[in-house]
Amino acid sequence: AVHRLVVPIAPGRPVAVEKTVALHTSRDTAISDPLGEAVDRASTAAGFPALLDSHIAAWERLWRRADIQVPGQAGRILRFHLFHVLQTLSPHTADLDVGVPARGLHGEAYRGHVFWDELFVLPYLNLHFPEVSRALLNYRHRRLARACRAAAAVGRAGAMYPWQSGSDGREETQQWHLNPRSGRWLPDHSRLQHHVGSAIAYNVWQYCEATGDTEFLHTKGAEMLLQIARFWADLAEFDPGTGRYRIRGVVGPDEYHDAYPGAALPGLDNNTYTNVTAAWVLIRALDLLRRLPAWRREELFERVRLDGDELPRWEEISRRLRVPFHQGVISQFEGYDDLAELDWDAYRARHTSIRRLDRILEAEGDTVNGYKASKQADVLMLGHLFSPAELRTLFRHLGYDLDDEVWRRTVDYYLRRTSHGSTLSGLVHGLVLARARRAEAWSYVQEALEADIADIQGGTTGEGIHLGAMAGTLDLVQRGLTGLGTSEDALWLDPVPLPALSEYGFSLRYRGHWDVGLRRRSGQLEIRVPASEESPIRVVLADRAVTVAPGETCTLVLPAS
Ligand code: IFM
């Protein structure tokens with residue numbers, strides 16, 4: 001509707017126009033019809049000052065549950081990221097059927113699509129707004145049937161979640177994309193990033209560990225976990241040549257490589273990230289089934305039509321999926337070592353930015369598929385999801401020895417061969433390097449902090465903020481720098497030194513406790529548990545374990561780094 005206002009004006013006299021809008025849709029709950037409700041709300045709304053007060057109070061409530069204190073510029077940027085995360089996802093969206101749009105609600109890039117970026121968002125939300133995490137997992141659960149249909153349509157069992165999706169959860173990844181450098185339209189195979197399923201399973205597990213929400217874990221969470229595990233088990237095939245299982249025809253998080261040079265079909269074999277996370281999903285699914293009460297297990301088997309006879313094969317695959325190695329490092333995928341080395345110096349000298357190396361090479365009539373060059377972390381993503389100890393255990397389960405030296409060499413190897421064409425890249429490398437206690441970590445963390453405020457990708461921020469990278473920086477402080485983990489009904493801490501970010505403080509919602517404070521300053525870590533009727537919290541560090549009761553504050557002196 002158009003409003004025409006006739007306002008008497010006079011020179012030097014300000015005029016204020018107040019317009020109160022109420023928005024309703026037919027999907028809202030507790031309404032009769034949207035128009036009637038909107039008219040009713042708008043006509044009974046309080047005046048502007050009272051509306052402004054309630055708006056401010058609503059933001060204050062959000063800040064109280066989420067705030068993070070870090071001194072200086074880094075702190076200001078982190079709060080700016082937090083503001084954007086909360087604008088997109090907060091208790092105000094928990095009742096809506098919404099996922100995690102990669103670019104927030106701030107721009108039209110990617111047409112609002114949902115990718116795997118929630119992997120960088122939920123771990124943060126779990127410890128502040130668990131109800132929002134649960135809502136986001138419900139969003140995925142509502143689309144589980146669709147993901148099972150997608151798997152069935154390509155002759156697979158279980159759930160094949162889409163790489164890009166929107167309203168109903170169908171695959172919406174574009175089939176062609178434009179290289180603006182060459183003006184050519186090229187086939188897009190990024191839908192082969194089936195690792196998105198493992199991201200959903202990881203989030204289910206992390207959410208349940210952080211909250212103790214066994215009701216979700218034993219129902220919707222279990223259904224998703226089992227169907228994703230089943231997809232991986234079905235995709236894995238035995239390779240007599242290596243005596244191991246292999247997964248073929250996929251694309252890993254590094255989107256540059258989507259086919260072998262000259263191959264007729266797209267996809268790569270034994271992408272390490274895909275295989276290792278698939279093994280992890282199978283382990284967790286089996287673990288969950290063991291923990292379930294027998295009657296619930298039977299019910300689940302019936303509901304997802306799972307035959308107990310499938311499980312020994314799951315176990316076998318979880319132990320025998322292949323991880324390729326070359327030159328003493330983990331290979332990104334089978335045959336990676338056969339690719340050519342890129343002359344990085346020459347490309348850096350010729351171009352102001354080589355972040356989008358794929359576009360540069362294609363415009364020259366070449367293809368990035370032929371080179372040892374990645375857009376973003378792929379193997380190293382494993383060091384983002386799992387602590388060094390967890391990763392070692394996971395590799396041991398798969399029958400490989402991953403010692404610190406192999407991991408260090410692997411980190412160095414891919415760092416030299418990555419162009420950081422995604423904002424997620426600086427973030428992941430920053431955390432992985434911080435965990436490895438490496439001094440270069442800060443420059444990558446800084447890049448992640450500046451991704452949007454400095455528009456480091458040269459123009460992409462105008463099309464929408466990068467929500468994964470923004471939330472990821474909050475998670476980087478919350479879980480990365482503290483080494484915070486939430487398993488076995490305890491809080492695990494293993495603080496890593498990052499001199500430029502050596503002071504921080506935030507509070508968490510953990511299990512029944514609201515506002516558990518964690519503060520690091522002057523080489524000390526302080527854990528404050530507010531008074532309540534809840535049980536004490538067990539806190540486990542590398543060299544000691546303490547129990548902090550409600551109403552107590554525990555101060556730990558950290559070993560000098
Ligand atoms: O999901 C990411 C992907 O990892 C890199 N390209 C952009 C996507 C959406 O943020």
Side-chain angles (χ1 to χ4, degrees), residues 81 84-85 88-89 99-124 136 140 161-166 171-174 177-180 186 188-200 202-203 250-258 268 271-274 277 332 353 355-359 368 373-385 414 418-432 444 447-448 451-452 455-473 475:
H81 288 179
H84 278 287
V85 171
T88 314
L89 303 162
V100 177
R103 306 299 279 271
L105 302 175
H106 306 74
E108 293 182 13
Y110 300 137
R111 300 157 291 281
H113 285 176
V114 171
F115 297 61
W116 71 324
D117 300 49
E118 64 215 56
L119 183 57
F120 303 90
V121 180
L122 263 75
Y124 174 77
L136 294 168
R140 288 300 196 173
Y161 271 98
W163 174 241
Q164 291 188 33
S165 57
E171 180 60 80
E172 309 244 29
T173 304
Q174 64 280 356
H177 69 249
L178 175 73
N179 179 359
L186 308 159
D188 190 312
H189 304 301
S190 54
R191 66 182 53 212
L192 296 177
Q193 291 192 67
H194 300 313
H195 64 82
V196 58
S198 293
I200 295 167
Y202 182 87
N203 275 341
V250 300
V251 170
D254 154 39
E255 305 178 312
Y256 278 176
H257 294 98
D258 65 355
L268 304 158
N271 168 252
T272 291
Y273 176 78
T274 304
T277 56
Q332 191 171 307
S353 164
R355 282 184 197 279
R356 292 309 303 261
L357 195 58
D358 56 332
R359 292 179 177 170
V368 75
S374 305
K375 178 183 183 188
Q376 63 195 82
D378 198 296
V379 174
L380 301 192
M381 256 310 290
L382 293 173
H384 186 271
L385 296 193
Y414 290 103
T418 304
S419 75
H420 308 293
S422 158
T423 53
L424 295 172
S425 198
L427 171 76
V428 173
H429 286 98
L431 176 51
V432 168
Y444 291 96
E447 183 164 316
D452 278 317
D455 191 11
I456 60 166
Q457 292 198 323
T460 63
T461 299
E463 302 168 341
I465 55 106
H466 298 80
L467 195 69
M470 283 194 165
T473 56
D475 184 44

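Atoms within a ligand are numbered from 1 in the order they appear, just like the ligands themselves. For reference, positions follow the sequence shown, starting with 1.
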A side-chain contact here means heavy atoms from C-beta on lying under 4.5 Å apart; do [X] and [Y] qualify?
X    : Y    : answer
D188 : T173 : yes
H177 : L186 : yes
P253 : H195 : yes
R355 : I456 : yes

How far is [atom] from its nearest protein heavy atom, and which residue and atom name does that atom have?
atom                    : result
atom 4 (O) of ligand 1  : W116 NE1, 2.9 Å
atom 7 (C) of ligand 1  : Y110 OH, 3.2 Å
atom 10 (O) of ligand 1 : D117 OD2, 2.7 Å

In this structure, does ligand 1 have an atom that sits under 4.0 Å from one of the heavy atoms of [X]?
X    : value
E255 : yes
R103 : no
Q193 : no

Please list, in number order, the atoms of ligand 1 under 4.0 Å from a heavy atom of [X].
X    : answer
A102 : 9 (C), 10 (O)
Q376 : 4 (O), 5 (C)
K375 : 6 (N)
L424 : 4 (O)

Please work out which of the three classes, parallel, tilted or perpendicular, describes the rings of W116 and W163, given edges at 30° and 60°. tilted
Taking heavy atoms and a distance under 4.0 Å, where does H466 meet ligand 1: side chain, backbone, both or neither? neither
Identified side chain to side chain donor-acceptor pair (under 3.5 Å) partner of Q332 from the options T272, D254, N271: D254
Given the rule in the ring pair (Phe, Tyr, Trp, His ring centres under 6.0 Å) test, do H429 and Y414 qualify, once you have shown the distances and angles that lead to the verdict? CA-CA 10 Å; H429 286 98; Y414 290 103; 9.2 Å; no
Take R140 and E118, measure what salt bridge (charged side-chain N to carboxylate O under 4.0 Å, His left out) needs, and give me the verdict at the end. CA-CA 11 Å; R140 288 300 196 173; E118 64 215 56; 2.9 Å; yes
